[in-house]
Amino acid sequence: MTIDKNFDPAAIEAKWYPHWEESGQFRPKRPEAPPYTIVNPPPNVTGSLHIGHALDNTLQDIMIRYERLRGKDALWVVGTDHAGIATQMVVERQLEEKQDKRTNYTREEFVEKVWEWKEESGGTITRQLRRLGCSMDWSREQFTMDEHFSRAVLKVFVDLYNQDLIYRDKRLVNWDPKLKTAISDLEVETSDIKGHFWHFKYPLADGAKLDSGEDYIEVATTRPETMLADMAVAVHPSDERYTSVIGKHVVLPITGRRVPVIADEHADPELGSGAVKITPGHDFNDFDVGKRAGIAPGEMLNMLDGEANVCQTADGLVPEEFIGLHRFKRDKVDGARELVVQRLKEGGFLIPHITKNKDGEEVEHDAEPRTIATPFGDRGGVVIEPWLTDQWYVKADVLAQPAIEAVKNGDIEIVPKTWEKTWFNWMENIQPWCVSRQLWWGHRIPAWYGPKLDDEFNDEHDSERVPLVARNEDEVRAIAAKRYSVPPDDIIIVDTEEEYALEGVKTENAGKEILVRDQDVLDTWFSSALWPFGTLGWPEEEPTPNPSRKREGSETYAAEGEVSRSGVGAPSLLQKHYPNDLLISGFDILFFWDARMAMQGIHFMGEVPWRRLYLHGLVRAADGQKMSKSKGNVVDPLGLIDQYGADALRFFMAAMESQGRDIKMDDKRVEGYRNFATKLWNAARFAQSNGIGASDTLAAPEATLPVNRWIIGEVTETLAALDKALEDLRFDAAANAIYHFVWDNFCDWYLELIKPILNQSSPPVGEVASAEASAKADDGGGLDNDTPTPTPPHKGEGLNEVDETRKVAGWVLDQILVMLHPFMPFVTEELWHAMAGGEGRSYDLIVAKWPNPRAEVDAEAKAEIEWVIGFTSAMRSAKNELGIAPGAKLDCWFPAVMGGKVAPLISTLERVARMGAANFGDAPEGASMQLVVEGQTIAVPLEGIIDIDAEKARLAKALEGVSKEVKSLEGRLGNANFVERAKPEAVEKARSDLAEKSAEADRLQAALDRLG
RNA sequence: GGGCGUAUAGCUCAGUGGUAGAGCACUAUGUUGACAUCGUAGGGGUCGCAAGUUCAAUCCUUGCUACGCCCACCA
């Protein structure tokens, strides 16, 4: 197949991806092979690919393709997340656009609509992942609300409940009044906003007075509206200003509620007046203070409804004019906050804030301006309201302990290591995790509420019902039947509170027990935490110690479903692929997802979910800003793929991914990697047009020519660097290693060096008697330009040098394609096939073998080629600086001792360095250019051609550079402390460097002297 | 208030206890049959500041400055 002149990434991408997928090569059947497993962070099912996904998935694909090439049973689990809040919001927004809303539908109807939307848009992101070239196992694509996955979720909830690790509790929760659901601590984002600090007088009741004589206590607040539900005023127990009134009461303005003055350490005497109003139902601190003061959560007054509008408190003391107002000003309409301030001001309860204007006059303000750290919901974007509700909580602190331990003892390796501290810090201070959400889209909590038994009531504030937790209705029916001592048929299950409240339900079922299903769904992260095992067959495949599961160093695995020799069943998918080998995620979901996976994985599987956790940073806009829709600086990865190709984008991501740093977007760099792909394309095209084709060996071919021996050694070194980099998860180092090899070593030098070989006709083996020529050269005798190209002797049975070179070049190109494939899968696969001869390749590159050159680096060849490179560079540089045409063929005089070394290279040097005749011995008298290469001076006579002064200046400059180094080395070696105390190797190196540099300086000096 | 990260060439970033590298940009130059999405050559950095450790510091330690991120209930 002839390689096209033009490299067209789009055409290649469209061709190979479907081929790979349809032929099942993303997970070839390798039952005997050691496993390698990564689970993909499931993207939001209705989302689309953003630049962060591009980074995340590129890195994973590199590792999966690499391990697949290394022969592993590489499994990349893929699927999508139902993303409860996000998805429900999208669908609700769609309804809003049609002047419709969720509550116009039943729960079933609405959820049906979400499913429809999921079906409609759910393919978007998976299509986009394919465009990026990601080689996931699509045949096992999953969704967090798939039936089997939901079973896992239910089991986890029920088990945790039965293990007393999930409980229901009434306490303050972060409530999003826009989405009307509870959210977890992690979903709250605090940001500073400008606000005010108001000071109020709370009059003391019963004529009490402070020692200072005042008949009120001053309190200050940033949230005046909550005073409608104040239940105390707290002062520090040792604050002498207030000790006399502790235990007495104040009468709250507006509501007239009598509340006690209590002593609590929470009150900071240094702050404001030292007295603080306590609203246990609307402030996390106050909640704790209230509890300490003996107020049960059920007694705590609540003055806001789910949308943060004022409602009547239990004691009925909120004036009518407040009912229904929003908590604060919204859409330019004043809310309860503004009205409270107004009424307090009118009543003389507001202590004004005094400032002086520029004329020194005092000015009164209602409040002091102040920056307030305010909690916002990360999805809804509105201020979070601490709200008193019953929610489900997970005892995260218990689950966190083993996860801490796993990192400490190395079961989980976090890369980069700096994140360990963050891991520990968060895990060690972890709070109960609120997992219930007041949404319709998600995993419904498997709890049903039944009446309390008589002995279950603690106090009058307790709810009437208790939860019964089970995986399904049959199970809960059985539990309830036992609990209530009635036949299972007498347990009636209703789905909603509305249904329960319907006329007749209770009367029709008189004598039976009615259970009402919990209305809430689970936090999305509760389910995605199970991804590493829920996607592999759990809970059907329970985790059992499996003797045939092998660790590192194992050679074979029994095939799934087969029976191994020992008679033990072959490992299940779960057994084979759990723990996963690696998890790659952005650090932004470290707590949301990674930490929870670790907790759940260890708890339910008894083993960590993954051996290594790699955390990468954010992809930022070119100016370093975070990308966001509102800023309008979002870069669409699909656009970059269209423009530069998926390979280029992928390579960019890899090359920029150094550990512990964010990536700044840089289109020019993506373009550069597109150019790199083009470069490779053209190199392959050149190779092909010179009779170079696919290699027929995996091991390096036998080679006699230094240039071939050299490039084979370079492959070996590159491979080692690449393997090391990928082992260390240094994607940048890996990308740079292969980039440098392809462009610099292979294209710039190797292909240039073999051109003279390829251009000669292919003489039959044995006809080129080169030994003679070499021997002649060794004598130091002059060789003129007409001497036939000397060729080193051939070993073994016969390849002439053209054939050998073609073979080696074909092999090297094959190795390049394999090594580059994880980074640039498309162009490499295309070239892999394009380079093949008539028969074609017997397998696709995606399942090729990772290089195993079984070749040592040939030091002799390496030295020789490096000398050629040094000579050529010196020649080019000198010509350039002296203004000599680069194409000018200049005769050279080499020292006689170099005859043996130079003679075989003459044709190469003629071509690459544009050398004229090679002569050995002393150069003729007269002006000449002097090249100093590795300590040898080569004279290039240029009488009358060059500007002597220019050459002098050039040499002087070179001498200056070398002298500087010599001076530095001499200084160091002259320092007795250095010689005595430095490591012997360092001293030795300094000595040899000095010898070398001094020699070079001497030669340069000599060359200068010759010019007069 | 804690924790973390980053400061290296004009830009974006690697890197090492022994006087620094890449890509892009820049300058000069090039129609030598792979490639101008290219070749060749070149300029450009007291490695944020200060002190310390060391024979030797861009690298280790401490402090400072600047920027960024995360966590935390300051009314």
Side-chain angles (χ1 to χ4, degrees), chain A residues 3 5-7 185-186 190 197 219-223 226 234 266-268 270-279 283-289 372-373 375 386 416 418-419 421-422 424-426 429 587-588 590-591 617-618 620 622 624 626 644 648 652 655-656 658 660-669 671-690 730 732-733 736 739-740 747-748 751-752 755 759 872-873 876-881 883 885-887 911 914 964-965 968-969 971-972 975-983 986-987 989-990 993:
Chain A
I3 301 173
K5 178 146 174 55
N6 292 317
F7 166 50
D185 298 348
L186 285 178
T190 307
F197 198 41
V219 296
T221 182
T222 57
R223 296 205 59 195
T226 61
H266 166 67
D268 182 352
E270 303 294 314
L271 214 61
S273 64
V276 57
K277 67 192 259 322
I278 299 298
T279 321
D283 183 283
F284 288 104
N285 286 315
D286 294 3
F287 180 83
D288 292 337
V289 174
I372 301 160
T418 49
W419 286 103
K421 216 165 197 170
T422 308
F424 294 137
N425 191 43
W426 187 73
N429 296 294
F587 61 70
D588 52 332
L590 174 62
F591 303 143
L618 246 53
R620 295 177 170 276
K626 212 167 166 174
Y644 302 111
F652 167 81
M656 298 303 288
S658 57
R661 205 191 250 268
D662 287 346
I663 292 177
K664 267 182 216 166
M665 202 52 233
D666 182 356
D667 286 16
K668 292 293 287 181
R669 192 126 180 182
E671 184 184 1
Y673 293 126
R674 189 272 319 266
N675 295 351
F676 173 60
T678 309
K679 183 82 180 174
L680 175 67
W681 183 268
N682 283 310
R685 211 156 59 83
F686 166 77
Q688 187 173 63
S689 69
N690 280 280
R730 285 308 305 251
D732 55 344
N736 289 334
Y739 178 94
H740 173 258
C747 292
D748 286 353
L751 291 183
E752 292 305 321
K755 276 176 185 174
N759 282 344
T872 306
S873 300
R876 286 171 178 169
S877 178
K879 279 180 177 172
N880 193 282
E881 284 179 42
R911 164 105 190 192
R914 306 256 106 202
K964 215 172 141 191
E965 285 189 63
S968 160
L969 287 162
R972 207 187 305 162
N975 181 345
N977 280 327
F978 173 68
V979 181
E980 284 163 23
R981 303 199 200 177
K983 285 177 293 189
V987 179
K989 181 162 189 315
D993 285 355

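Below, each value reflects all heavy atoms present in this structure, side chains not excepted, and no hydrogens, waters or symmetry copies. Chain letters run A, B, ... following the sequence lines, proteins first, then strands; residues in each count from 1.
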Subject >> Test side chain to side chain contact (heavy atoms under 4.5 Å, CB included) applied to Phe652(A) and Ile663(A), step by step >> reply: CA-CA 10 Å; Phe652(A) 167 81; Ile663(A) 292 177; 4.1 Å; yes
Original post:
How far apart are the C-alpha atoms of Thr422(A) and Leu590(A), what are their side-chain angles, what is the distance that settles it, and do they pass the side chain to side chain contact (heavy atoms under 4.5 Å, CB included) test?
Top reply: CA-CA 9 Å; Thr422(A) 308; Leu590(A) 174 62; 4.2 Å; yes
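Among the protein residues, Lys964(A) comes within range of the nucleic acid bases, having at least one heavy atom under 4.0 Å from a base atom. Across all strands shown, Ser968(A) has heavy atoms under 4.0 Å from base atoms, whether or not it also approaches the sugar-phosphate. At a threshold of 4.0 angstrom between heavy atoms, the contacts of Asn975(A) are confined to the sugar-phosphate backbone, with no base atom among them. Residue contacts shown for Ala267(A) include a base, since a base heavy atom lies under 4.0 Å away.
The CG atom of Leu618(A) sits 9 Å away from the P atom of rC70(B) (whole-angstrom rounding). To the nearest angstrom, P of rG1(B) lies 16 Å from CD of Glu270(A). If you measure from atom CG of Leu271(A) to atom P of rC73(B), you get 16 Å, rounded to the nearest angstrom. In this structure, Leu969(A) places its CG atom 13 Å from C1' of rA56(B), rounding to the nearest Å. Atoms NZ (Lys664(A)) and P (rU12(B)) sit 5 Å apart, rounded to a whole Å. As rounded to whole Å, 13 Å separates atom C1' of rU19(B) from atom CG of Asp993(A). Atom C1' of nucleotide rU12(B) and atom CG of Asn736(A) are separated by 13 Å, given to the nearest angstrom. Counting to the nearest Å, the P atom of rG17(B) and the NZ atom of Lys983(A) are 8 Å from each other.
Distance check on atom C1': rA72(B) versus rG2(B) gives 7 Å, rounded to whole Å. Separating the C1' atom of rG15(B) from that of rA7(B) is a span of 15 Å, rounded to the nearest Å. rG48(B) and rU54(B) have their P atoms separated by 23 Å, given to the nearest Å. Comparing rU65(B) with rC49(B), their P atoms sit 16 Å apart, to the nearest whole Å. Rounded to a whole angstrom, the distance from the C1' atom of rG45(B) to that of rU8(B) is 7 Å. To the nearest whole angstrom, the two C1' atoms, one in rA36(B) and one in rU29(B), are 13 Å apart. Across rA57(B) and rU62(B), the matching C1' atoms stand 14 Å from one another, rounded to whole Å. Look at the C1' atom in both rU58(B) and rA9(B): the space between them is 14 Å, to the nearest Å.
Stacking of Arg674(A) on the aromatic ring of Tyr644(A) is not recorded, the 6.0 Å distance cut-off and the 45° axial limit not both being met.
The nearest heavy atom of RNA chain B to Gly660(A) and to Asn285(A) marks one nucleotide each, and the one closer to the 5' end goes with Gly660(A). Summary of the strand contacts: Lys421(A) and Trp426(A) both lie near RNA chain B, and taking for each the nucleotide with the nearest heavy atom, the more 5' one is attributed to Lys421(A).
Contact check for His266(A) versus Val276(A): side-chain heavy atoms found under the 4.5 Å cut-off. Counting heavy atoms from C-beta on, the side chains of Asn880(A) and Arg876(A) never come closer than 4.5 Å. The shortest side-chain heavy-atom distance between Asp662(A) and Lys626(A) does not fall under the 4.5 Å cut-off. Looking at Lys679(A) and Asp748(A), their side chains come closer than 4.5 Å, going by heavy atoms from C-beta outward. Annotation: side chain of Trp681(A) is not in contact with side chain of Asn6(A) (no heavy-atom distance under 4.5 Å).
For Asp268(A), the side-chain atoms get nearest to rC74(B) when compared with the rest of rC74(B), rU19(B), rC13(B). Closest to the side chain of Glu881(A), out of rC55(B), rC69(B), rG42(B), is rG42(B).
Proximity of Ser877(A) to the phosphate of rG42(B): a side-chain N or O atom is located under 4.0 Å from OP1 or OP2. In this model, the phosphate group of rA14(B) is not approached by any side-chain N or O of Arg730(A) to a distance below 4.0 Å at OP1 or OP2. Within the structure, a side-chain polar atom (N or O) of Arg661(A) is placed less than 4.0 Å from OP1 or OP2 of rA7(B). Between Lys668(A) and rA25(B) there is a side-chain N or O to OP1 or OP2 distance below 4.0 Å.
Between the side chains of Asn682(A) and Arg685(A), at least one donor N or O lies within less than 3.5 Å of an accepting N or O.
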Subject >> Base-pairing string, 5' to 3', of RNA chain B - Watson-Crick or wobble, under 3.5 Å, | interstrand >> reply: (((((((..((((....[..)))).(((((.......))))).....(((((..]....))))))))))))....
Original post:
What one-letter contact string describes nucleotides 26-38 of chain B from 5' to 3', where B marks a base within less than 4.0 Å of any protein heavy atom, S marks contact via sugar-phosphate atoms alone, and - marks no contact?
Top reply: --------BB-BS
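One N or O on the side chain of Asn690(A) and one on the backbone of Phe686(A) form a donor-acceptor pair closer than 3.5 Å. One N or O on the side chain of Lys879(A) and one on the backbone of Pro886(A) form a donor-acceptor pair closer than 3.5 Å.
Among all heavy-atom pairs drawn from Ala220(A) and Phe197(A), the shortest one is CB-CZ, 3.4 Å.
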